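In what follows, a single structure is set out as structure tokens and then discussed.
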Amino acid sequence: MKLPTCDDYDPNSISFEQALRHIEEDLQPIVSQEQVAIREAVDRVLAEDVLARINVPAYVNSAMDGYAVHSDDLPKERHVQLTMVGVSFAGKPFAEVVAKGQCVRIFTGAMLPIGTDTVIMQEHVTVQGDQITITTGNQIGQHVRAIGEDLTVGQTISGRGRLLSPADIGLLASQGIPEVKVKRRLRVAFFSTGDELCAIGKIPDIGQIYDSNRYVLYTALTQLGVEIMDMGIVRDVPAELEQAFLVAAKENDAIITSGGVSVGDADYVTEILRRIGQINFWKIAVKPGRPLTFGKIQQAAFFGLPGNPVSAINTFYQFVQPALRRLMGQDSRKPVQFEVTCASNLTKRPGRLEFQRGILKHNDNQELVVYSTGKQGPGILSSMSQANCFIVLPIDCGNVAVGNKVMVEPFNRLV
Ligand code: AMP
Ligand code: MG
């Protein structure tokens, strides 16, 4: 007989990294794409490499308000007087050639007139009528933006697989590009399972709780930019669950459920999945979050999240999010993690990789440290809401004392 131990090791579970690798291998990015106006392309995944069509800047221009001069006229010692022969505005260049001994009043973004190559800041000149005096200390070519210093023709400005940000849209606009090819939106169906769940707006019976997971999924999926199908609450009745799975699989790329994946009597999800689909794994050495079921129903990827609210969010965040990003065709990105001093005592048993909830902030000495949110149970949803980062504790790590270093992973905007 195997006696229970006081650690968290489970020989039947796979590691966090193995689970991520399985997901990566099992899921192929969708291929369909569509052409959209760049304004509609934000938060979409680029389906082509976009090359620069024009140099930016396209012409030599001034980075300052001042005077455009020829560098030959810069004084080696004392000062020099130049005659101002015109003005170059942004969008209204000075069309004539500037001769030696002459200069042109110039504004930021305005084209440098022929015969000039250097801009003197207006604060560094003395003006008397059309005569300006400049002194030493100016560099040849200063305050001038060169052709192509931002982008040169033919350079990749945005690569396939990139999730487009507002700055990316600006970059496309700076090239005069009106439309781009993006991957079609992913379609994701989700529902909650459990006889104890009550939808908000209804009055819970004795022993019922409000369904919160579905609201997390609704909002997180919306932020991810996928098309959602909210299928509500499905009761712990095998026939109803099976029916819901089949409906969800019909038109969606992925299906996400919460609850019903543990080994309790009323947990039918894995059983049905085995029958009508395929299970790729379900036990991962991660806390909170065991068990997470990952598999397929027809062509749709299936994620069965644990019911406990913190476990559901954590598994969504750590596994489903990268999986959906892969399906969307987005480049994979490792989350940023870094080490800080822990300002709380943490309780942990060796055996699982743990994502505890932390608050990253400056202490009274202005050092960046991390505090625990307190109780770490998988049902303490307020811990997720208070936190701004995960404290990532490796499998073999035990309790952590104040003053020790720990890894933290700041939340992205999904939580
Ligand atoms: P289960 O995974 O179905 O065994 O559920 C584990 C725990 O999470 C139980 O306490 C459930 O009541 C709770 N739970 C399950 N689904 C939800 C949900 N959608 N919203 C809030 N709590 C849930
Ligand atoms: Mg349940």
Side-chain angles (χ1 to χ4, degrees), residues 8 10 12-13 19 188-222 228-245 247-248 254-275 277 279 281-295 302-321 352 354-357 373 375-387 414-415:
D8 248 358
D10 177 348
N12 296 321
S13 60
V188 180
F190 58 99
F191 56 88
S192 296
T193 72
D195 290 339
E196 77 281 30
L197 300 178
C198 169
I200 60 174
K202 292 191 177 153
I203 297 165
D205 276 342
I206 293 176
Q208 279 203 314
I209 58 166
Y210 285 115
D211 171 11
S212 62
N213 292 344
R214 204 156 43 88
Y215 294 84
V216 174
L217 289 178
Y218 184 103
T219 45
L221 290 168
T222 304
I228 54 174
M229 177 171 164
D230 181 350
M231 297 177 61
I233 298 167
V234 179
R235 293 188 301 147
D236 289 317
V237 175
E240 290 181 25
L241 279 166
E242 182 170 335
Q243 182 58 26
F245 279 140
V247 169
I255 304 164
I256 306 171
T257 64
S258 76
V261 286
S262 47
V263 282
D265 283 347
D267 290 331
Y268 302 113
V269 170
T270 35
E271 184 192 308
I272 295 169
L273 190 62
R274 282 209 171 85
R275 194 152 37 77
I279 292 187
F281 63 78
W282 65 291
K283 265 187 178 175
I284 313 165
V286 165
K287 191 176 176 180
R290 193 174 55 181
L292 162 78
T293 308
F294 169 61
F302 173 78
F303 304 91
L305 308 183
N308 272 309
V310 177
S311 307
I313 297 180
N314 192 48
T315 45
F316 178 83
Y317 191 92
Q318 302 294 348
F319 297 101
V320 183
Q321 186 185 176
R352 288 201 257 171
E354 214 168 303
F355 292 95
Q356 298 204 358
R357 272 72 64 212
T373 54
K375 278 207 187 95
Q376 295 290 314
I380 314 284
L381 185 52
S382 57
S383 73
M384 216 20 132
S385 158
Q386 280 168 32
L414 285 189
V415 279

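Order of appearance sets the numbers: ligands from 1, and atoms from 1 within every ligand. Bear in mind the structure is a predicted one, so any value in this text is a computation, not a measurement.
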Nearest protein heavy-atom contact for atom 18 (C) of ligand 1: which residue, which atom, what distance?
Asn213 ND2, 3.2 Å
Side chains of Arg357 and Thr373: any donor to acceptor distance under 3.5 Å?
no
Any side-chain to backbone donor/acceptor pair from Thr193 onto Gly259? Under 3.5 Å, distance only.
yes
Please report the C-alpha distance between Phe294 and Val320 in whole Å, then the side-chain angles of each, then the deciding distance to 0.1 Å, and finally whether the side-chain contact (heavy atoms from CB on, under 4.5 Å) criterion is met.
CA-CA 9 Å; Phe294 169 61; Val320 183; over 6 Å; no
Have a look at Gly307, Gly379, Gly194 and point out the one with the heavy atom closest to atom 8 (O) of ligand 1.
Gly307
Between Asp211 and ligand 1, does any nitrogen or oxygen pair lie at a separation below 3.5 Å?
yes
Quick check: does any side chain N or O of Asn314 sit under 3.5 Å from a backbone N or O of Pro288, one acting as donor and the other as acceptor?
yes
So which protein heavy atom does atom 4 (O) of ligand 1 come closest to, and at what separation?
Ser262 OG, 3.2 Å
Are Phe355 and Tyr317 close enough, and set up right, to give a ring pair (Phe, Tyr, Trp, His ring centres under 6.0 Å), and what steps lead you there?
CA-CA 11 Å; Phe355 292 95; Tyr317 191 92; 8.4 Å; no
Could you tell me, atom by atom, which parts of ligand 1 come under 4.0 Å of a heavy atom of Ser192?
19 (N)
Could you tell me whether the side chain of Arg352 and the main chain of Ala285 form a donor-acceptor pair under 3.5 Å?
no
Heavy-atom distances under 4.0 Å decide this one: backbone, side chain, both or neither, for Ile209 against ligand 1?
side chain
Nearest protein heavy atom with distance in Å, relative to atom 21 (C) of ligand 1:
Ser212 OG, 3.5 Å
Is there a side-chain contact (heavy atoms from CB on, under 4.5 Å) between Val188 and Ile255? Walk through the geometry before answering.
CA-CA 6 Å; Val188 180; Ile255 304 164; over 6 Å; no
Of all the heavy atoms in Ser258, does at least one lie under 4.0 Å from an atom in ligand 1?
yes
Pro306-ligand 1 polar pair, N/O distance under 3.5 Å:
no
Could you establish whether Glu196 and ligand 1 come within less than 4.0 Å of each other, counting only heavy atoms on the residue side?
yes
Do ligand 1 and Gly260 have nitrogen or oxygen atoms that lie under 3.5 Å from each other?
yes
What protein heavy atom sits nearest atom 10 (O) of ligand 1, and how far away is it?
Asn308 OD1, 4.1 Å
When rounded to the nearest 0.5 angstrom, what is the spacing between OH in Tyr218 and CZ in Phe190?
7.5 Å
